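We use all heavy atoms of the structure for the numbers below, so side chains are in, but hydrogens, waters and symmetry mates are not. It should be emphasised that the depicted structure is a prediction, and the values quoted were computed from it without experimental measurement.
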Amino acid sequence: MSTQKQSFPVKGMTCAACARSVENMLKMTSGVDDAKVNYASAQVQVSFKADEVGFADMQKAVQAIGYDLAETVDLEKIKKEKEAFLKQTQRKFWVALVFSVPVFLLSMVFKGLPNEAWVMLGLTLPVVFYSGRDFYISAFKKLRHKQFNMDTLIAMGTGSAFLFSLIVTLFPQVLGTAHLYYESAVVIITLILLGNYLEERAKANTGKAIEELMGLQPTEATLVTARGEQKVNIEDLKEGDVIKLLPGEK
């Protein structure tokens, strides 16, 4: 059986635990000998038996826990996807912030206002079901495969705070005057989204700096042969070729 090694871009990772989840899921896939994820470059190197498992099988396994694989490295497509994800994260953060601030003020400063619980519930819903939706979806998918990461903790913490507060709001006679924890749910989601946005923006800026450095790389060289000198592409040079460098050239 022939074993192949190939690298694939991984989509949807937000922490080091995500990388481990992708690794473990691929290692459990029949036909895969080993998998190593580089979180910084968002790629996974897979050693697999090509006659037992294909790209579609590995992609399906990774998709089952909330991530995705790309078959080829399309730098332009990856760049556009990263830009779209950054904008989406920014939008979700601003929505969470706009609704979280009044919930926090109602809970900590302006206590005892009429229909306070219902107002906070209405303000919390967009944060939980729009801004924080991906946390719950990711946690649920991983739970089905007995996988856990940061999304699991976020979903458990904010979900329990929201559900407890919802019960108190809908059935006050059950728990009496128990404290509401809407502000805990929305503030946690908002702060996590802020962290995700700052991380993605930093990675994007780093990527731009690397692209600028790569842009300084020359594309042509002057090849010296028995027939004279000629300009050739850098990719066409071979070991042993003689090139000529003029003053100021790279």
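In this structure, CG in L166 is found 12.5 Å from CE in M120, a value given to the nearest 0.5 Å. For the atom pair CE (M25) and NZ (K60), the distance works out to 10.5 Å, reported to the nearest 0.5 Å. Distance CD/E23 to CD/Q45: 11.0 Å, rounded to 0.5 Å. Rounded to the nearest 0.5 Å, atoms CD (Q6) and CZ (F8) are 3.5 Å apart. Annotation: the span from I243 atom CD1 to T225 atom OG1 amounts to 13.5 Å, rounded to 0.5 Å. The line from CD of Q88 to CZ of R91 is 6.0 Å long, rounded to the nearest 0.5 Å.
When every heavy atom of T89 is checked against every heavy atom of L193, the shortest pair comes out as CG2-O, 4.0 Å. Heavy-atom minimum distance, E52 versus G31: OE1-CA, 3.5 Å. Considering every non-hydrogen atom in both A221 and I234, the closest pair reads CB-CD1, 3.9 Å. Nearest approach of V224 to E229, heavy atoms of both residues: CG2-CG, 4.2 Å. Between A139 and T152, the shortest heavy-atom distance links the atoms CB-CA, 3.9 Å. Taking both residues in full, the closest heavy atoms of T169 and L180 are given as OG1-CD2, 3.9 Å, listed atom of the first, atom of the second, then distance.
Side chain of S138 to main chain of F135: no donor-acceptor pair is present (N/O by atom type, distance under 3.5 Å, no hydrogens or angles). Under a 3.5 Å cut-off, the side chain of D236 and the backbone N or O of V232 do not form any donor-acceptor pair. Looking at T29, its side chain never comes within 3.5 Å of a backbone N or O of V32 through a donor-acceptor pair. In terms of modelled atom types and a separation under 3.5 Å, the side chain of S107 and the main chain of V103 share no donor-acceptor contact. A donor-acceptor pair is defined here as one N or O able to donate and one able to accept, closer than 3.5 Å; no such pair exists between the side chain of N24 and the backbone of S21. Panel note: side chain S131, backbone K92; a donor-acceptor pair is recorded below 3.5 Å.
Heavy atoms from other residues, nucleotides or ligands lying under 6.0 Å from NZ of K244 number 12 at most. Atom CE of M150 is surrounded by more than 12 heavy atoms from other residues, nucleotides or ligands within 6.0 Å. Heavy-atom contacts from other residues, nucleotides or ligands closer than 6.0 Å to NZ of K87 number 12 or fewer. More than 12 heavy atoms of other residues, nucleotides or ligands sit less than 6.0 Å from atom OH of Y136.
Side-chain heavy atoms closer than 4.5 Å link hydrophobic residues (I, L, V, M, F, W, Y) into clusters, and following such links, possibly through other members, connects V37 to F55. I154 and L163 fall within the same hydrophobic cluster, defined by Ile, Leu, Val, Met, Phe, Trp and Tyr side-chain heavy atoms under 4.5 Å apart, directly or through other members. The hydrophobic cluster containing Y182 also contains Y130, counting ILVMFWY residues as joined when their side-chain heavy atoms lie under 4.5 angstrom apart, directly or transitively. In the hydrophobic cluster analysis, where Ile, Leu, Val, Met, Phe, Trp and Tyr join through side-chain heavy atoms closer than 4.5 angstrom, V119 is grouped together with L125. L245 and L223 fall into different hydrophobic clusters, where Ile, Leu, Val, Met, Phe, Trp and Tyr are joined by side-chain heavy atoms under 4.5 Å apart, directly or via other members.
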**Request:** With side-chain contact (heavy atoms from CB on, under 4.5 Å) as the test, would you mind laying out the steps for F99 and T124 before giving the verdict?
**Result:** CA-CA 7 Å; F99 286 98; T124 301; over 6 Å; no
**Message:** Quick one, Q230 with T222, criterion side-chain contact (heavy atoms from CB on, under 4.5 Å). Give me CA distance, side-chain angles, the key distance, then yes/no.
**Reply:** CA-CA 6 Å; Q230 63 181 35; T222 303; over 6 Å; no
**Request:** Decide yes or no on side-chain contact (heavy atoms from CB on, under 4.5 Å) for V10 and Q43, but give the supporting numbers first.
**Result:** CA-CA 5 Å; V10 186; Q43 292 198 24; 5.6 Å; no
**Request:** Would you sort out whether L69 and M58 count as a side-chain contact (heavy atoms from CB on, under 4.5 Å), showing the intermediate values?
**Result:** CA-CA 8 Å; L69 289 184; M58 292 183 283; 4.1 Å; yes
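Screening V186, I189, L121 against F162 for a side chain to side chain contact (heavy atoms under 4.5 Å, CB included) leaves a single residue, L121.
Checked for salt-bridge contact, D34 and K5 miss the test: no charged N lies under 4.0 Å from a carboxylate O.
No side-chain heavy atom of V127 sits under 4.5 Å from any side-chain heavy atom of V95. By the 4.5 Å heavy-atom criterion applied to side chains, T158 and V128 are not counted as neighbours.
Side-chain contact annotation: D68 with Q63, donor-acceptor N/O pair under 3.5 Å present. There is a side-chain donor-acceptor pair under 3.5 Å between Y67 and K142.
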